[in-house]
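The sequence lines fix the lettering, A, B, ..., with proteins before strands; numbering per chain opens at 1. Both backbone and side-chain heavy atoms feed into the values below; hydrogens, waters and symmetry mates do not.
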There are 2 protein chains.
Amino acid sequence: MNIGEVSKKAALPAKTIRYYEDIGLITPLRDPNGYRCFRDADMHKLAFLGRARTLGFTIEDCRALLALWNDQSRASADVRSIAKEHLAQVEKKISDLQEIRDTLSHLVRECVGDERPDCPILKSLEKFPGQKSPQKIAGATREA
Amino acid sequence: MNIGEVSKKAALPAKTIRYYEDIGLITPLRDPNGYRCFRDADMHKLAFLGRARTLGFTIEDCRALLALWNDQSRASADVRSIAKEHLAQVEKKISDLQEIRDTLSHLVRECVGDERPDCPILKSLEKFPGQKSPQKIAGATREA
DNA sequence: ATGGTGGTTCCAGCTACTGGAAGGTCAAGA
DNA sequence: TCTTGACCTTCCAGTAGCTGGAACCACCAT
């Protein structure tokens, strides 16, 4: 199977599949012409990866899960602990976002949104309460 | 005021403040020695930025909000529409994450997590249902 | 003079891809 | 046979929003 067909079947962009090879998640064979040649085992791995990624597991999680998947002697407890850890992160993220949502929707409700320059949203951004020490807001993490 | 003091007061890392200058969100003066010299207006902008970022507005949102903030003739409707748009995104993200959480917690509950290799989580990742066309899972977006 | 704590610049790296350029391969049609 | 077009290849750069680190300068106290 060439990459195009695999891309359709695994529901992943070809670019992503090449990237997964780059970072060593899969290692498809090559045809004499240089084209990647995917066998069923590769397809299964890709499908697995797609699903795990859809559930928000990081690439490194996926790498670990794949290794466990391939390891016939794994303990299911190892898998479970990765999943539990991830679940905890998802729950944290949800509650953070819910707080943000509440604040935002409160602001939006307060603002009549007319043509006048008076704006409670901006006003509240000026003096919105509570912050501690220098926060790290960052985090180019993917979620969902 | 030097950057250290501002960092404490605005509750933002110095690195972040320099970055905000880089991308043109603020333009502090310079002392003869080359040190950045922040006045109250800069402080207020930084505080504003910190709050907007805490609420998950993107940098470009912040740029727009700052411009509106500085524009005495702005219409509050413009601000409101940015906030509403952002609110919608936050709500979408929450519901995506809730779906993920439900699936994950279901999986974790199903898995006894013992020493045996049999693992319902891995099994379900093999054959987890429903995907359409090649998905873009991506998105280095920050959220709160 | 020295040490410590600030400040400065610049470059690289993080996640997980994505877009695009420049070019090779293959099958079908004129 | 030539050409067209779809498909494949590699490689480089860019995304968001910082963060870490190196190498260096400025200031103040001893």
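C:dT15 atom P lies 18 Å from atom CZ of A:Phe57, rounded to whole Å. A straight line from CG of A:Leu12 to P of C:dA16 spans 14 Å, rounded to a whole angstrom. Separating the NZ atom of A:Lys8 from the C1' atom of D:dA6 is a distance of 11 Å, rounded to the nearest angstrom. One can place NZ of B:Lys93 at 12 Å from C1' of D:dA16, the figure rounded to the nearest angstrom. Between A:Leu55 atom CG and C:dA16 atom C1' the separation is 17 Å, expressed in whole Å. What separates CG of A:Asn2 from C1' of C:dC26 is a distance of 10 Å, to the nearest Å. Remark: P of D:dC7 and CE of A:Met1 are 16 Å apart, rounded to the nearest angstrom. Between the P atom of D:dT9 and the CG atom of A:Asp31 lies a distance of 9 Å, rounded to the nearest Å.
A close approach under 4.0 Å does occur between a side-chain nitrogen or oxygen of B:Thr16 and OP1 or OP2 of D:dT19. Applying the 4.0 Å criterion to OP1 and OP2 of D:dC27, one finds that B:Asn33 has a side-chain N or O inside that range. Remark: B:Tyr35 is not in phosphate contact with D:dC25, judged by side-chain N or O atoms under 4.0 Å from OP1 or OP2. Taking side-chain N and O atoms only, B:Arg30 has a distance below 4.0 Å to OP1 or OP2 of C:dT9. Considering only side-chain N and O atoms, B:Tyr20 lies nowhere under 4.0 angstrom from the phosphate OP1 or OP2 of D:dG17.
Follow the hydrophobic side-chain contacts under 4.5 Å out from B:Trp69 and you never reach A:Val112; the two are in separate clusters.
Of the listed nucleotides (C:dT8, D:dC18, C:dT18), C:dT8 has the atom at the smallest distance from the side chain of B:Arg36. Between C:dT8, C:dC10, D:dG17, one nucleotide has an atom nearer to the side chain of B:Lys15 than all others, and that is C:dC10. For A:Ile3, counting side-chain heavy atoms from C-beta on, the closest listed nucleotide (C:dG7, D:dT9, C:dA16) is D:dT9.
Results of the side-chain hydrogen bond (donor to acceptor under 3.5 Å, both in side chains) test with B:Gln89 over B:Glu85, B:Lys92, B:Lys93 single out B:Glu85 as the only residue that passes.
The residue B:Arg18 sits close to a base: some heavy atom pair falls under 4.0 Å. No engagement by B:Ile23 is indicated, since no non-hydrogen atom pair under 4.0 Å with the nucleic acid exists.
In this structure, A:Ile121 and B:Leu65 have side chains that are not in contact, with every pair of non-hydrogen atoms separated by 4.5 Å or more. In this structure the side chain of A:Arg63 reaches within 4.5 angstrom of the side chain of A:Glu60, judged on heavy atoms.
Both A:Tyr19 and B:Glu21 sit near DNA chain C, but only B:Glu21 has its closest nucleotide nearer the 5' end. Mapping A:Cys37 and B:Thr58 onto DNA chain D by nearest heavy atom places A:Cys37 at the nucleotide closer to the 5' end.
Using bins of under 30°, 30° to 60° and over 60° for the plane-to-plane angle, the ring pair B:Phe57/B:His86 lands in the tilted bin.
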